[in-house]
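Report on one structure; see the data block that follows.
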Amino acid sequence: MALANKAINLASVGSNFPSSIDKLKNSSTKAQINLRVARNSSVKAVQSSSVESDTGRWVRKRRPQNVDGDFFVDHTCIDCDTCRWMAPQVFTRVGEMSAVYKQPTSSEDRLKALQALLSCPTSSIRTEVPPPDILEAQKTFPIPVDEKKLPGVYHCGYHSEKSYGAASYLIIHPGGNILIDSPRFTEKLAKEIETMGGVRYLFLTHKDDVADHAKWATRFSCDRILHSEDVEICTADVEMKLEGNGPWSLGDDIMLVHAPGHTEGTVCLLYKPLKILFTGDHLMMTESGLSIMEMYNKYSGNTT
């Protein structure tokens, strides 16, 4: 599929931005998916909160805000919100970090807690006893977002600290699968994606969420897509650099829309058949509703 300029009418796209995977189940097919999914964009640095022991080695401490039991969050949490929307039955926010407020009591809750553990970008979720079912949990990625309403759309998990905990998604597409932003590279996830047809395009919404893009590009020999305004040294070899204001088309059913704000080169991906807009970081869901986070969208004056 070749990139070409093409007009787009965004009025047909709904305005419901779910703040969690669970809420997607109640949304219409006009749902828009915020790639960061209720993650506070202000968290841009990993907190250096490890404690040095008497032996001189850095150790992780169980946060006292966790309830007693096997699962817990340690004090290296960066408040990225990943575990809270992946397993809201287990994790909550206490004292500007995540904590376990209820130990999983069902097999479904335990699986979601393990998926959150694997997806935590800083490995801040721990268990007192090595989980015997961790390998089975690894095999569940990528996770279908909603098999009925959003067929072929998957959450990749394995969030990367390099992207401040941003979520990555996979679209299964007849013209070649599309990986949206980069998850943390792990061969286990790569093998699962390979069984699903691999990756044809790695679409990078903006420069903050490129993470392990080079490893994924090497693994699948895929073409990476990034706006030229957001190209930096680490992405200089990206295969497809978007120029100008667009919009651009990727086949007949995928539109790329320039939306400067969070960065000068932020680009959204509109998957027209399912009416899903992957927005990057310039939009986010807060407790009070949809927010453009003006203090973190310094380049919105360039929007056309």
Side-chain angles (χ1 to χ4, degrees), residues 17-26 33-53 57-131 133-134 137 143 155 157-168 183-184 208-209 281 283-291 293 295-296:
F17 281 70
S19 61
S20 71
I21 292 296
D22 281 28
K23 288 185 179 179
L24 279 172
K25 296 178 181 178
N26 298 321
I33 299 178
N34 186 337
L35 288 181
R36 196 52 63 91
V37 191
R39 187 185 61 81
N40 190 335
S41 298
S42 65
V43 180
K44 288 296 183 183
V46 176
Q47 298 178 7
S48 178
S49 55
S50 296
V51 176
E52 189 174 9
S53 68
R57 298 182 63 183
W58 293 101
V59 297
R60 291 171 176 261
K61 294 176 59 179
R62 178 180 181 130
R63 298 192 68 218
Q65 292 85 351
N66 294 282
V67 299
D68 292 337
D70 190 27
F71 283 86
F72 66 93
V73 179
D74 70 30
H75 65 291
T76 64
C77 171
I78 60 172
D79 195 29
C80 72
D81 197 39
T82 295
C83 64
R84 303 197 293 267
W85 62 261
M86 288 189 69
Q89 309 90 333
V90 176
F91 301 96
T92 190
R93 189 172 191 258
V94 183
E96 299 185 352
M97 290 185 185
S98 293
V100 174
Y101 76 96
K102 182 181 179 182
Q103 294 291 333
T105 56
S106 67
S107 58
E108 180 181 1
D109 288 352
R110 179 175 175 82
L111 174 59
K112 289 184 177 181
L114 288 173
Q115 290 171 334
L117 180 153
L118 290 166
S119 296
C120 178
T122 51
S123 300
S124 300
I125 301 173
R126 325 283 281 187
T127 57
E128 295 288 355
V129 179
D133 45 352
I134 192 68
I143 305 170
H155 168 222
Y158 292 96
H159 297 200
S160 174
E161 185 176 355
K162 299 174 187 176
S163 292
Y164 316 105
S168 172
R184 182 170 75 249
D208 290 346
D209 294 348
D281 280 351
L283 293 172
M284 68 172 291
M285 199 67 170
T286 66
E287 293 180 358
S288 58
L290 182 65
S291 173
M293 297 293 289
M295 66 183 296
Y296 300 110

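Everything numeric here is computed off the predicted structure, so don't read it as measured data.
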Work out which heavy atom in I125 is nearest to a heavy atom in C83; give both atom names and the distance. CD1-CB, 3.6 Å
Output, in order, the C-alpha distance, side-chain angles, deciding distance and verdict of side-chain contact (heavy atoms from CB on, under 4.5 Å) for L114 and F71. CA-CA 9 Å; L114 288 173; F71 283 86; 3.7 Å; yes
side-chain contact (heavy atoms from CB on, under 4.5 Å) partners of S106, counting only residues at least two apart: E108, D109
For R126, all residues meeting side chain to side chain donor-acceptor pair (under 3.5 Å), sequence neighbours excluded: none
Can you name the closest pair of heavy atoms from P121 and T82 and give their distance? CD-OG1, 4.4 Å
Using a 3.5 Å distance criterion without hydrogens, assess whether the side chain of Y101 forms a donor-acceptor pair with backbone atoms of P88. yes
Could you tell me the separation between the NE2 atom of H75 and the CZ atom of R60, rounded to the nearest 0.5 Å? 8.0 Å
In Å, rounded to the nearest 0.5 Å, how long is the span from CE of M97 to CG of N66? 11.0 Å
Considering residues at least two apart in sequence or located in another chain, which fulfil the side chain to side chain donor-acceptor pair (under 3.5 Å) criterion with R63? Q65
With H159 as reference, evaluate E161, K162, H155 under the side-chain hydrogen bond (donor to acceptor under 3.5 Å, both in side chains) test and give the passing residue. H155
Pair K102, V67 - check side-chain contact (heavy atoms from CB on, under 4.5 Å), show working. CA-CA 7 Å; K102 182 181 179 182; V67 299; 5.7 Å; no
Looking at every heavy atom in both S160 and P183, which two are closest together, and how far apart are they? CB-C, 4.4 Å
Between W85 and A167, the two heavy atoms sitting closest are CZ2-CB, 4.2 Å
Using the test side-chain contact (heavy atoms from CB on, under 4.5 Å), find all partners of L111 that sit at least two apart in sequence or belong to another chain. Q115, A137, T140
So, using ring pair (Phe, Tyr, Trp, His ring centres under 6.0 Å) as the criterion, who are the partners of Y158 when residues are at least two apart? F141
Residues forming a side chain to side chain donor-acceptor pair (under 3.5 Å) with D70, sequence neighbours excluded: none
What are the two closest heavy atoms between A87 and A113, and how far apart are they? CB-N, 4.0 Å
For R110, all residues meeting salt bridge (Lys or Arg N to Asp or Glu O under 4.0 Å), sequence neighbours excluded: D133
Between R62 and D68, does at least one N-O distance fall below 4.0 Å, as a salt bridge requires? no
Rounded distance (nearest 0.5 Å) linking atom OG of S168 with atom CZ of R184: 11.5 Å
Could you list the residues that satisfy side chain to side chain donor-acceptor pair (under 3.5 Å) with S124, not counting sequence neighbours? T76, T122
Determine whether L117 and M86 satisfy the following criterion, side-chain contact (heavy atoms from CB on, under 4.5 Å), listing intermediate values before the conclusion. CA-CA 10 Å; L117 180 153; M86 288 189 69; over 6 Å; no
Show, in sequence, the C-alpha distance, side-chain angles and deciding distance for V100 and F91, and conclude whether the side-chain contact (heavy atoms from CB on, under 4.5 Å) test is met. CA-CA 5 Å; V100 174; F91 301 96; 3.5 Å; yes
